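As the structure is a prediction and not an experimental result, all values here were calculated from the model.
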Amino acid sequence: QLPLLGLLILTLVFYLLTGGKLCSLTNLKSIFQQSYLFIIGCLGVVFLMAQGAVDLSTGSLIGLCSILGAYTCNATGVLPGLAVCLVTGAAVGCLNGVIYSESRIPVFIQGLSVNFLIKGLLYRLTNGQMTISIDHAVKQQFDSLWIILVSLIACAVLTLYLYNYTIFGKQSKAIGAGQTAARQSGVNVRWIKRFAFIFSGLYVGIVAFFTLVKTGGGGPTVGTSFEFNILIAMTLGGMPIKGGAKANIRACFLGAILMAVYTNGMVLLNVDPRIQEIVKGMVFIAVMTMTGRAPLVKARKRGGFKIRES
C-alpha cells in the first residue's frame, strides 16, 4: 500500500509542478519508454531478491551483451544478435550462480568482483570505441511499441507463473526466510541459487537487446548504474531487501514506474542530473532506514526485546 501511495503522491506533485505536462499523451509514452527496461530488469532479479541476494554485475553485463550483440547484428543479422545477447547473459548468470552457490563469498562482493572483471573486458572488445553502431533499419524495425509491449507482457506472464505457481518461486522465498531451514526441508539450495542467477542473466540479455535497438549501438558505458537503479526501484516498490515470505512481484512494476515518473518529472523540471542522483541516494537511504527499523519496532511492540534509542 505504501509504494502505491508513494506513486500517487509523486505523480500528483510532478503533475502540479509541471503544469499538467507529466500526464500528456506524449509524455506518458515517454514514461513507458523509460520504464519498460526497468520493469524487465526488476522481473529478472525478483527470484534473487526473494532469496535475499543481489546481482551487482548487471550494469556491466548489459554493456557486454550489447557489444557482442552489435557485432553479431552487423555480421549475421538481428535474430542471431538477439540470441547472442540471451546466451551471453545466461552464461554469465550461470557463472555468477556457481560462485554464489559454491563459495562463501558475500554476494555483493562477488557481484562487484564480476562487475570489475567484465568492465575490464569491455574497452578491449571495442578497441577503444565508445559505441559499436548497428544498421539504422534494424533500429527502426525492432524499436517498435508493439514489439516492446508484447515482449514485456511475455516476460511478465512467465515471471508471474514461475514465481507464484512453481517450486522455483516458493523455494526462493523459503531460502530468503531461512537458508538452513530451507535446506533441512529438502530444498536444493545450490541449484535454486544457480537458477536465480541464470534467470537474471537471461533477462539482462533481453534488456541489453532492447537497449541496443533503442540507442542504435552497444558500448562500454551502456547499462552504467543499471544495477543500482534496479535495487532502488525494487526497494521503493516494496521488496524487502532480505527477501523471504514477504517478497512480492508487484514491487517490480510499482518500483519501475516510480523510478520512471521520478526521472521524467525531474527532466521536465530541468533539474541538474547530479542533483537527481543526490536526491535518489537520499531517498534510498531513507527507505532502507525505515525498512530496517520496521521489524525492530514491531518486535518492541510485542515485547520480544528492547530497543535502545539513539
Would you say I167 has more than 12 foreign heavy atoms packed within less than 6.0 Å of its CD1? no
Quick one: side chain to side chain donor-acceptor pair (under 3.5 Å) partners of S35, sequence neighbours excluded? none
Heavy-atom distance under 4.5 Å between the side chains of V54 and L56, does that happen here? yes
M234 side chain near C252 side chain, heavy-atom distance below 4.5 Å: yes
Are L236 and L4 in one and the same hydrophobic cluster, where Ile, Leu, Val, Met, Phe, Trp and Tyr link if side-chain heavy atoms are under 4.5 Å apart? yes
Under the ring pair (Phe, Tyr, Trp, His ring centres under 6.0 Å) definition, can you give me all pairs with a residue in residues 162-193, not counting sequence neighbours? F47-Y163, F47-F168, W191-F195
Report yes if some heavy atom in the side chain of T126 is under 4.5 Å from a heavy atom in the side chain of T131; otherwise report no. no
Quick one: are V279 and Y262 in side-chain contact, heavy atoms under 4.5 Å? yes
Can you confirm whether more than 12 heavy atoms, excluding those of L8, are under 6.0 Å from its CG atom? yes
For Y15, I'd like to know if atom OH has over 12 heavy atoms of other residues, nucleotides or ligands within 6.0 Å. no
Say whether L112 and V98 are linked into one hydrophobic cluster, either directly or through other cluster members, by side-chain heavy-atom distances under 4.5 angstrom. no
Can I get a per-line list of side-chain donor-acceptor pairs under 3.5 Å for residues 216-230, giving both atom names and the distance, sequence neighbours left out?
{"from": "T224", "atom 1": "OG1", "to": "T221", "atom 2": "O", "distance (Å)": "2.6"}
{"from": "E227", "atom 1": "OE1", "to": "G59", "atom 2": "N", "distance (Å)": "2.9"}
{"from": "N229", "atom 1": "OD1", "to": "K280", "atom 2": "NZ", "distance (Å)": "3.1"}
{"from": "N229", "atom 1": "ND2", "to": "S225", "atom 2": "O", "distance (Å)": "3.4"}

Do any side-chain atoms of residues 263-270 form donor-acceptor pairs under 3.5 angstrom with protein atoms, and if so which ones, sequence neighbours left out?
{"from": "T263", "atom 1": "OG1", "to": "M259", "atom 2": "O", "distance (Å)": "2.9"}
{"from": "N264", "atom 1": "OD1", "to": "N27", "atom 2": "ND2", "distance (Å)": "2.6"}
{"from": "N264", "atom 1": "ND2", "to": "N27", "atom 2": "OD1", "distance (Å)": "3.2"}

Give the intermediate values and the outcome of side-chain contact (heavy atoms from CB on, under 4.5 Å) for residues Y203 and V45. CA-CA 8 Å; Y203 274 44; V45 300; over 6 Å; no
Whether S200 side chain and A196 backbone form a donor-acceptor pair below 3.5 Å: no
Could you give the distance from OG1 (T18) to CG (L16), rounded to the nearest 0.5 Å? 8.0 Å
Cluster check L25, V261: I/L/V/M/F/W/Y, side chain < 4.5 angstrom: no
Is there a side-chain contact between Q184 and Q179 (heavy atoms, below 4.5 Å)? no
Is there a side-chain contact (heavy atoms from CB on, under 4.5 Å) between L86 and F209 once you walk through the steps? CA-CA 8 Å; L86 296 178; F209 176 76; over 6 Å; no
Is it true that V213 and V87 fall in one hydrophobic cluster, defined by side-chain heavy atoms closer than 4.5 Å? no
If you apply the rule salt bridge (charged side-chain N to carboxylate O under 4.0 Å, His left out), what do you find for E102 with K193, and how did you get there? CA-CA 10 Å; E102 299 297 333; K193 286 181 175 181; over 6 Å; no
Could you check if a side-chain atom of Y71 sits within less than 4.5 angstrom of a side-chain atom of V84, using non-hydrogen atoms only? no
Take F199 and L162 through the side-chain contact (heavy atoms from CB on, under 4.5 Å) test and state the conclusion after the steps. CA-CA 11 Å; F199 190 84; L162 292 175; 3.6 Å; yes
Provide the full list of side chain to side chain donor-acceptor pair (under 3.5 Å) pairs with a residue in residues 41-50, sequence neighbours left out, each pair given once. none
Other residues, nucleotides, ligands: >12 heavy atoms within 6.0 Å of K242 NZ: no
Pick out which of V207, I206, L212 makes a side-chain contact (heavy atoms from CB on, under 4.5 Å) with F210. I206
Co-membership, hydrophobic cluster, residues L48 and I105, 4.5 Å side-chain: yes
Does the Q51 side chain pair with the main chain of G243, one donor and one acceptor, at a distance under 3.5 Å? no
Restricting to pairs with a member in residues 106-115, which pass side chain to side chain donor-acceptor pair (under 3.5 Å), not counting sequence neighbours? S60-N115, N96-Q110
State, yes or no, whether a side-chain contact exists between Y100 and D55 at a heavy-atom distance under 4.5 Å. no
Does some side-chain heavy atom of L152 sit less than 4.5 Å from a side-chain heavy atom of F32? yes
Give the C-alpha distance, both sets of side-chain angles, the deciding distance and a yes or no for side-chain contact (heavy atoms from CB on, under 4.5 Å) between I31 and L22. CA-CA 9 Å; I31 290 175; L22 183 76; 4.1 Å; yes
Within the side chain of N188, is there an N or O that forms a donor-acceptor pair under 3.5 Å with the backbone of G186? no
